[in-house]
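Working notes for the structure below.
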Number of protein chains: 2
Amino acid sequence: MIHPIPSGTRDVLPDELRELRAIEERIRAAFDDAGYGEIATPALEFETVLARGNVAATHPSHRFLDEHGTVLVLRSDMTLPIARVVATRYATTEPPLRFCYVAPVYRTVRPARGQARELRQAGVELIGSGAPDGTAEALSLLCATLDAVGLGRYRIGLGDASLYPSLLDGLGVPDDARDELLTHLVARDFVALERAVARLGIGGSDAALLATLPQLRGGVEVLERAAAGTGTSAVETAVGGIRRVLERVDDAVAARVILDLGLSAGLDYYTGAVFEVYDPALGSPLGAGGRYDELLGRFGRPLPAVGFALDLEFLHQALMREEQLRDSGEGAGAMEVEMPAARAPRTRRSGR
Amino acid sequence: MIHPIPSGTRDVLPDELRELRAIEERIRAAFDDAGYGEIATPALEFETVLARGNVAATHPSHRFLDEHGTVLVLRSDMTLPIARVVATRYATTEPPLRFCYVAPVYRTVRPARGQARELRQAGVELIGSGAPDGTAEALSLLCATLDAVGLGRYRIGLGDASLYPSLLDGLGVPDDARDELLTHLVARDFVALERAVARLGIGGSDAALLATLPQLRGGVEVLERAAAGTGTSAVETAVGGIRRVLERVDDAVAARVILDLGLSAGLDYYTGAVFEVYDPALGSPLGAGGRYDELLGRFGRPLPAVGFALDLEFLHQALMREEQLRDSGEGAGAMEVEMPAARAPRTRRSGR
C-alpha cells in the first residue's frame, strides 16, 4: 500500500542513512578540528526575524500561523538563524566567532522540477573575520572537509558577487535593465545576457565588458585577462580581492579553484567572494558559500562574515559515484571525467 | 539586540550541543547493537496520511498548504511516519522489522505552559513482534539504552493501556461518562476520577474497582492485589499480560520496573502494554512507549508493534543532574532522592 509524501521529500532507509551519518560525523570532526562549535536552532522562526536577511523573495518559505496568529516559517538556510544567534547570544563576545551546523533546511518547490523541499546541510559561519583572511580560512576549511570525507574530484568555483553589480553601478545602468541583467547572470544565460546588454545602447567596450566578463572561467590567467585593457575600478577591486585570497591558501587548495567571474549569488546577502563546489558526478553544485559582510549588521551586530553549506545528499551521491568508478577499475582515468556542462570549468584537473 | 524565537523552541549552543550529540551517538550505538536500523523521514507529511493514526486530536500539528493547496503538517511523532514507511517500502518484508530514529518532532503548544514545540527524540519501533516477547524486547532495549548513556537512577512505569477501557466496556459505562473518566485518568486526577465514578451509580465493588485500581502502583504485589477478589476478565487479562512480560526480562530490567495500573496512553493508538521512563531529576517522564497493535493495519500492513521514544533534552538534563550529585559528593545518598510527586512511585529503588 503506497502512502504518498510531499514532493521534494524522501524517506531515507537504514543502508543509506548509515552512510549519511558516517559522512556527517567526518564533517563534524573536520569542523571541530578547525575550532568551529556546532549550533542547533529551531526549524521554525518568526518570519519577521528571518526577513532581516531579505531572502524571502529567493526562497519563499513554508509559512503558517502560531497560536497568537504570528507568522512562523520553516528556515530556508542556517546562515540567517546563526546571524540571529550571534546578535542575541554573542552580542558582546570578542570576534572572530566560529560556528557550524548539520541540519535540515526547507524550501518551497516548483512542481515537476525535482527540487528538494527538505535539504540536509552541513556548513560553517566565520563571523568577524573579513576579506581576504576570513575568505581564505573558509575556502581552506571547505577543502579540508571534502578531503576528510574522501571526495577526490571536486573543484571550487570562486568569483565575486559584488563585481557585476559594481560594474552596472559604474555604468549607470537603470534599475529595470539591471534587474534583467542580474536575472540572466544568475541563470547563467549568457545569450540572453548579451542581447540585454546590446539593448542598453552603451559604448562598445563597456558593452563587451558586460557581455564577456562573466564568461571568464579558468585559472589565474582569467585575472590577467579581466584586468587587461580595462581601467574599471570594479574589475580591479574584484580581481585584487581574488588574488589576495589565492595568496593566502595552500597550493592544494588553490589547485582546486576555478576562477569564475560570472559566479553570482542566488541569495541577496552575499557581498564579496562567492564560491560553489562542483563534482563531475553531479549536474548541480554540491555546496556553496561566500562573504556576507552586511548581514550581521541587519541583526544589530555589524561584523564581516563568510560561510559555506554542503548538501549532504549530493555529497553522498558524489562519493558513491567515485566508489563505483574505483570498484569498476576506471581508476585514475575517471579523474578526467568532464565537469557537468552547465557549470563546466574551462580547465580540467589533471588526474592523480 | 534580542531577536525572539517561537515559544517552545530554543537555540542550542556548542557546549550543550556537544553533549547532546555524544548522547545521540551512544543511543544510536545501542540501537545498532540490538539490530535496529535508523530511518529518516521528512519533517513534513500529508495530513491525510498521518490522520490514519488518529492522533490529530491529541497533538494538533503545525499545518500549512503546499503549492497544490494540499494540507501539509509537521510530524508530531515518528511512529506514524515509520508505520507509513513499513506499509509502503517494506510491504512484503518478512517481520519482525526493527527500526530506530534520532529526529525532531513538532507539537503545538499552549501559551505559558513551558511546552516544547520542537522536541529531539530518539526511539525504536519493533514491528511484527507481539506481546509478550516484543514488549519484553522493547523494555530490555530501553534499559540497555539508558544504561549505555550512563543514566543511573531511572525507573520504568509499566501498565496496560487497554485495562481501563476494557473495564468500562465490561461495565457498560456510557460514552460520555467514559470520556470523562478517561480524561481524568490521563490527567491522573484521582480525586475527580472518584467523584465521576460515584456519579455513575454503579455497584459498590465495581465502583471501588474503577476508583482504586488505577491508583495501584508498586512492585509485583500490585498484581496480586489487583487480581485478588475480582473475577473481572479485563483485570485478569492485563495482569496476566504484565506477568508474562516480566517473566521475559532480565532481573536488572525487572528491578527498574514500577507497575502502574493507572498508566494510560495520551496517544490513542496504544493498545496494550504502555510504559514511561522517570528520573528523580525531572518533573515529567523523559520517555514513553507502548504497544500499538492496530496502527500498522490502518496503513494496510496489519502487524503487532511496540516502540518507545526518549526525549533527548530531558535525558541530558537528568544526566547532568546525576553528574552534579556525583561531583558534590552526595553519591549513593543521592540515589534515594524522591521521585517527582505527580508520578511518584510507591516504592523506592535502593541505592547502589
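Quick note: numbers below take in every heavy atom, side chains included, and nothing from hydrogens, waters or symmetry partners. The shown structure was predicted, so the numbers you read here are calculated from the model rather than taken from an experiment. Below, chain A is the first sequence line, B the second, and so on; all start at residue 1.
When each of B/Pro42, B/Ala87, B/Gly37 is checked for heavy-atom pairs under 4.5 Å with chain A, B/Pro42 comes out on top. If you tally non-hydrogen atom pairs under 4.5 Å between each of A/Gly300, A/Ala43, A/Pro104 and chain B, the highest count goes to A/Ala43. When B/Glu25, B/Arg117, B/Arg18 are compared by the number of non-hydrogen pairs under 4.5 Å with chain A, B/Arg117 comes out ahead. Chain A forms the most heavy-atom pairs under 4.5 Å with one residue out of B/Leu44, B/Asp32, B/Thr48, B/Asp66, and that residue is B/Leu44. Interface check for chain A: of the options B/Glu16, B/Arg21, B/Arg301, the most heavy-atom pairs under 4.5 Å are formed by B/Arg21. Listed options B/Ile39, B/Thr9, B/Thr70, B/Val49 were ranked by heavy-atom pairs under 4.5 angstrom with chain A; first place goes to B/Ile39.
For A/Glu118, the part lying under 4.5 angstrom from a heavy atom of chain B is the side chain only. Proximity to chain B involves both the backbone and the side chain of A/Pro4, based on heavy atoms less than 4.5 angstrom apart. Proximity to chain B involves both the backbone and the side chain of A/Ile5, based on heavy atoms less than 4.5 angstrom apart.
Residue pairs meeting the salt bridge (charged side-chain N to carboxylate O under 4.0 Å, His left out) criterion with at least one partner in residues 283-294 of chain A, sequence neighbours excluded, are A/Arg291-A/Asp293. A ring-ring contact (aromatic ring centres under 6.0 Å, His included) check over residues 21-51 of chain B, counting only residues at least two apart or in different chains, returns nothing.
A/Asp77 and A/Tyr269 are linked by a side-chain donor-acceptor pair at a separation below 3.5 angstrom, with hydrogens and angles left out of the test. Looking at B/Glu137 and B/Ser129, their side chains never bring a donor and an acceptor atom within 3.5 Å of each other.
A perpendicular orientation is assigned to the rings of B/Phe299 and A/His3, their planes being inclined by more than 60° (bins at 30° and 60°).
Residue-environment remark: CZ (B/Arg10) exceeds the threshold of 12 foreign heavy atoms within 6.0 Å.
Listed here is the closest heavy atom pair of A/Leu141 and A/Ala34: CD1-CB, 3.7 Å.
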